[in-house]
Amino acid sequence: MPQKTEVELTVQRTEQLAPRLRRIVLGGPAFDEYLAHHLPCTDTYVKLMFAVGEDTVLRTYTVRWVDAAARELAIDFVTHGDEGLAGAWAQAARPGDTLRFRGPGGAYRPVPEADHQLFVGDESALPAIAASVAALQPGTAATAFIEIDGPGHQVELESPADLAVYWLHRDGAAPGTTTLLDDAVRAWPWPQGRVQAFVHGESALLKTVRPYLLDGRVDRKDISVSAYWRRGVTEEGFRAWKKEQQDAVMRPGA
Ligand SMILES: Cc1cc2nc3c(=O)[nH]c(=O)nc-3n(C[C@H](O)[C@H](O)[C@H](O)COP(=O)(O)OP(=O)(O)OC[C@H]3O[C@@H](n4cnc5c(N)ncnc54)[C@H](O)[C@@H]3O)c2cc1C
């Protein structure tokens with residue numbers, strides 16, 4: 001695997017995909033350097049670098065697509081008010097602004113051997129889900145459960161697969177406070193054969209959907225599951241929480 005890199009790209013244009021989902025298209029002379037390191041994963045992510053006083057603060061984001069011919073890449077940001085760094089930056093970003101990041105990382109890609117592809121996530125996972133369903137083989141059986149604010153927040157998902165998409169509406173509830181995804185996955189008639197699953201979003205998903213899938217339904221090697229953010233804490237707080245969870249797993253009886 002190539003070494004990671006650190007580049008600074010320039011905002012070429014922005015696009016409002018949904019009321020709280022903003023695409024930032026980036027390019028510039030350092031694009032070729034990034035491309036040399038891009039991974040063949042559909043959940044490829046980078047660490048955005050924001051200067052806060054003397055410190056550099058990192059935020060993790062999926063590379064939604066890379067267009068080698070146009071020498072551009074896109075990142076889709078969930079905007080969630082003025083709180084935080086990355087969402088607020090994306091909300092205000094204009095052509096000519098610059099964004100520095102390091103990476104990439106990534107681990108998931110749909111395998112053609114699976115009989116069914118399952119995707120479960122909220123808006124933060126939508127960029128990776130969109131990139132994944134676009135990369136499926138024609139005719140693959142696939143199902144996506146995606147939690148969003150409401151009907152006006154759906155986006156077009158392009159896929160050559162035989163894809164069923166269920167948009168689950170929070171209808172006024174705050175992100176990260178519902179059991180919509182868990183309820184929908186449990187009510188879903190489980191398909192025959194080998195299922196590969198991609199499950200990401202707010203941290204509560206780990207407590208609900210993950211045990212259900214791992215209870216004999218999906219093999220460990222066929223599941224990509226992790227939290228992408230945690231309600232009420234910044235990414236630093238989220239990383240500290242993840243470490244606590246890992247430490248607890250390492251301490252039997254904890
Ligand atoms: C591998 C990976 C890939 C990711 N890809 C994407 C992506 O492509 N697009 C994307 O938008 N996010 C993505 N995320 C999630 C993103 O890193 C977090 O949402 C991050 O906390 C946002 O940073 P911030 O500076 O905007 O907010 P922070 O400063 O981290 O948090 C400020 C406040 O906002 C809340 N908050 C954070 N995220 C959300 C949210 N999505 N909805 C509502 N409230 C929120 C926090 O709980 C906190 O209260 C990804 C995360 C991982 C680990």
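The model shown is predicted, which means the values in this text are computed figures rather than measured ones. Both backbone and side-chain heavy atoms feed into the values below; hydrogens, waters and symmetry mates do not. Each ligand, and each atom within it, is numbered from 1 in the order the structure gives.
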- Message: Between ligand 1 and Glu123, can you find any atom pair, the residue atom being a heavy atom, that is separated by under 4.0 Å?
- Response: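 Glu123 does not count as a contact of ligand 1 under the 4.0 Å cut-off.
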
Under 4.0 Å, heavy-atom basis, I'd like to know which part of [X] is in contact with ligand 1: side chain, backbone, both or neither.
X	answer
Val233	backbone
Arg59	side chain
Asp76	backbone
Arg64	neither

For the atom pair OG1 (Thr177) and CD (Glu202), what is the distance rounded to the nearest 0.5 Å?
->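 Rounded to the nearest 0.5 Å, the OG1-CD separation comes to 8.5 Å.
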
Point to revise | Separation of His38 NE2 from Leu73 CG (nearest 0.5 Å) | key: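 With rounding to 0.5 Å, CG (Leu73) is 8.5 Å from NE2 (His38).
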
### Message
How far is atom 22 (C) of ligand 1 from the closest protein heavy atom, and which atom is that?
### Response
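Heavy-atom neighbour on the protein nearest atom 22 (C) of ligand 1: Tyr61 OH, 3.2 Å.
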
Under 4.0 Å from a heavy atom of [X]: which atoms of ligand 1 are those, numbered in the order shown and with their elements?
X	answer
Leu85	24 (P), 25 (O), 29 (O)
Pro127	7 (C), 8 (O)
Arg231	47 (O)
Phe77	11 (O)

(Q) For Gln117 and Thr143, which I'm curious about, is there any donor-acceptor pair between the side chains at under 3.5 Å? (A)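 Short answer, no.
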
Would you say the side chains of Thr5 and Glu33 form a donor-acceptor pair under 3.5 Å? yes

Short N-O contact, Glu236 and Arg59, less than 4.0 angstrom
yes

Query raised in the report: Are the charged groups of Arg13 and Glu72 less than 4.0 angstrom apart, N to O?
Result: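 Yes, charged N to carboxylate O under 4.0 Å.
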
- Does NZ or CZ of Arg217 lie under 6.0 Å from the centre of the six-membered ring of Tyr212, at an angle within 45° of the ring axis? yes

